Amino acid sequence: LDDSFIQNDRKLIKPFELDIVSHKHKLAIEFCGVYWHSSSHKDKMYHFKKFDMCRKNGYNLITIFESDDLSKIKSLIRTKLGLNKHRVYARNTRLEKISNKEAKEFQEKHHLSGGINSKINYGLKINDEVVMIASFSRSRFSKEFCYECTRMTSHSDYSVIGGASKLFKNFFKDYDVKKCITYSDLRFGEGLTYLKCGFKKTHETKPNYWYFKNDLILESRLKYQKHKLKSLFPKDYDDRLTEHEIMSNAGYNRIFDCGNSVYVFEKV
């Protein structure tokens, strides 16, 4: 896509190495083998530390795990470089309510985190093709907020200028939203688009961790909370052990991400 990228850069965040760097685009890319970047080999702040060092130097770091869908990662890189096949303006799109089934199928195809069940889905269409969807549900982690934006998903081939603003504006109006929260995965970007949609960044979470075995499929830690492990791994369970110790005995390893940026909308 571009010949400005260099490999194995040791200058930008010295003494750390970055796999790929473009000084032209202020973009860096890390490709992480899941085993060698697991907590057996890297401390829990390792990925965030490299992300933050890049950010302080004015660079955006994409942190890729080998378990990620590389076709979606390539789409993300094209978006970062402004090289998507189509560039459209939100004013030229048609706003529609989208069913949960259609939204989830769209997310599975285009969102880095896959699909999620959401009660409310707004979509933007060009002719009859969906080019962007915003999904909303009751807040999963905080009762302080009425709603959470659970997914903001663009078609892999489209850049929709002003799309997020149009989706949020209509959702806030239709549901008289007083408070809404959303999260941006720092492995892929800071989510600065939310600032243009009336949100304020409140903080960044600590790095989250994911469990995996030999198949390299990352699974949420919520699936393996300690109180659930007695029934999942009766042979390995010991109440005196921590969640991580029990999971380790069951043959699981874990990898830490970069954490999330947290954005909040409050109606004035």
Side-chain angles (χ1 to χ4, degrees), residues 48 51 63 68-69 72 76 79 90 93 95-125 130-155 160 162-211 218-225 228 256-268:
F48 173 80
F51 160 79
T63 304
D68 289 330
D69 184 328
K72 293 179 181 179
L76 174 65
T79 298
T93 64
L95 181 79
E96 286 188 9
K97 280 283 195 76
I98 305 293
S99 70
N100 178 62
K101 181 177 181 295
E102 185 178 1
K104 195 171 181 180
E105 288 175 353
F106 185 82
Q107 292 158 358
E108 288 288 355
K109 189 172 182 179
H110 300 289
H111 198 283
L112 286 157
S113 299
I116 191 169
N117 288 318
S118 299
K119 291 185 177 181
I120 304 165
N121 301 280
Y122 280 75
L124 300 178
K125 290 186 175 183
V130 178
V131 294
M132 196 170 190
I133 289 179
S135 297
F136 304 90
S137 290
R138 294 292 179 181
S139 176
R140 293 172 293 175
F141 309 115
S142 175
K143 294 181 180 179
E144 178 185 352
F145 300 94
C146 302
Y147 293 100
E148 175 185 341
C149 177
T150 52
R151 290 283 189 276
M152 178 66 68
T153 313
S154 292
H155 192 291
V160 186
S165 293
K166 183 172 181 177
L167 291 165
F168 277 122
K169 181 179 179 180
N170 282 275
F171 168 67
F172 291 157
K173 179 182 177 182
D174 292 349
Y175 286 83
D176 191 23
V177 176
K178 302 294 191 298
K179 283 189 174 184
C180 182
I181 190 169
T182 192
Y183 304 86
S184 181
D185 190 337
L186 292 176
R187 284 210 292 128
F188 307 123
E190 288 195 71
L192 299 180
T193 298
Y194 293 117
L195 297 177
K196 301 175 183 178
C197 302
F199 285 80
K200 292 182 179 179
K201 182 177 176 179
T202 58
H203 65 285
E204 291 176 353
T205 68
K206 294 179 180 179
N208 187 25
Y209 59 87
W210 306 79
Y211 283 111
L218 302 191
E219 297 186 277
S220 170
R221 64 181 178 83
L222 299 178
K223 180 180 178 180
Y224 296 111
Q225 293 169 301
K228 301 175 182 178
F256 284 84
D257 60 19
C258 300
N260 295 284
S261 287
V262 182
Y263 291 90
V264 169
F265 168 83
E266 291 189 61
K267 187 175 182 180
V268 179

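In this text the structure is predicted, and so the values were computed from the model without any measurement.
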Mind checking whether N121 and N100 have side chains closer than 4.5 Å, heavy atoms only? yes
For T63 versus C258, what's the shortest heavy-atom pair and its separation? OG1-SG, 3.8 Å
Between V130 and K125 the two heavy atoms that sit nearest each other are CG2-CE, 3.6 Å
Residue set satisfying side-chain contact (heavy atoms from CB on, under 4.5 Å) with A134, at least two apart, ordered chain then number -> F136, M152, L167
Residues that K97 engages under side-chain hydrogen bond (donor to acceptor under 3.5 Å, both in side chains), provided they are two or more places apart: Y175
Would you say the side chain of F48 lies within less than 4.5 Å of the side chain of K206, judging by non-hydrogen atoms? no
Please tell me if the side chains of F141 and I181 come closer than 4.5 Å, counting only heavy atoms from C-beta onward. no
For S135 versus I133, what's the shortest heavy-atom pair and its separation? OG-CG2, 3.8 Å
State, yes or no, whether a side-chain contact exists between D185 and L112 at a heavy-atom distance under 4.5 Å. no
For residues 187-202, the salt bridge (charged side-chain N to carboxylate O under 4.0 Å, His left out) pairs (sequence neighbours left out) are R55-E190, D68-R187, E190-K201, K201-E204
Which residues pass the ring pair (Phe, Tyr, Trp, His ring centres under 6.0 Å) test with Y122, sequence neighbours left out? none
With sequence neighbours left out, write down each residue that passes side-chain contact (heavy atoms from CB on, under 4.5 Å) with S154, or none if nothing qualifies. M132
Nearest-0.5 Å distance that lies between atom CD1 in I120 and atom OH in Y147: 4.5 Å
Does D257 reach the main-chain N or O of N208 with its side chain, forming a donor-acceptor pair under 3.5 Å? yes
Please, which pairs that meet salt bridge (charged side-chain N to carboxylate O under 4.0 Å, His left out) have at least one residue in residues 102-114, sequence neighbours excluded? K101-E105
Does NZ belonging to K119 count more than 12 external heavy atoms closer than 6.0 Å? no
To the nearest 0.5 Å, atom OG1 of T79 lies from atom NZ of K72 at 13.5 Å
Centres of the F199 and Y263 rings: under 6.0 Å? no
Tell me, do L186 and S261 make a side-chain contact under 4.5 Å, heavy atoms counted? yes
Just by modelled atom types, is the I116 backbone N or O under 3.5 Å from a matching donor or acceptor in the Q107 side chain? yes
Output the distance between atom CZ (F145) and atom OG1 (T182), rounded to the nearest 0.5 Å. 11.0 Å
When rounded to the nearest 0.5 angstrom, what is the spacing between SG in C146 and NZ in K179? 8.5 Å
Compare every heavy atom of G198 with every heavy atom of F265, then report the nearest pair and how far apart it is. CD1-O, 3.5 Å
Determine the minimum heavy-atom distance between V160 and L124, stating which atoms define it. CG1-CD1, 4.1 Å
With a 4.5 Å cut-off on side-chain heavy atoms, are E144 and S139 touching? no
What distance do Y209 atom OH and L218 atom CG have between them, rounded to the nearest 0.5 Å? 14.0 Å
Does a side chain donor of either T150 or S118 reach within less than 3.5 Å of an acceptor in the other side chain? yes
Pairwise distance CG(L76) to NE2(H110) - rounded to 0.5 angstrom: 14.0 Å
Please report the closest heavy-atom contact between C180 and F172, naming both atoms and the distance. CB-CE2, 4.1 Å
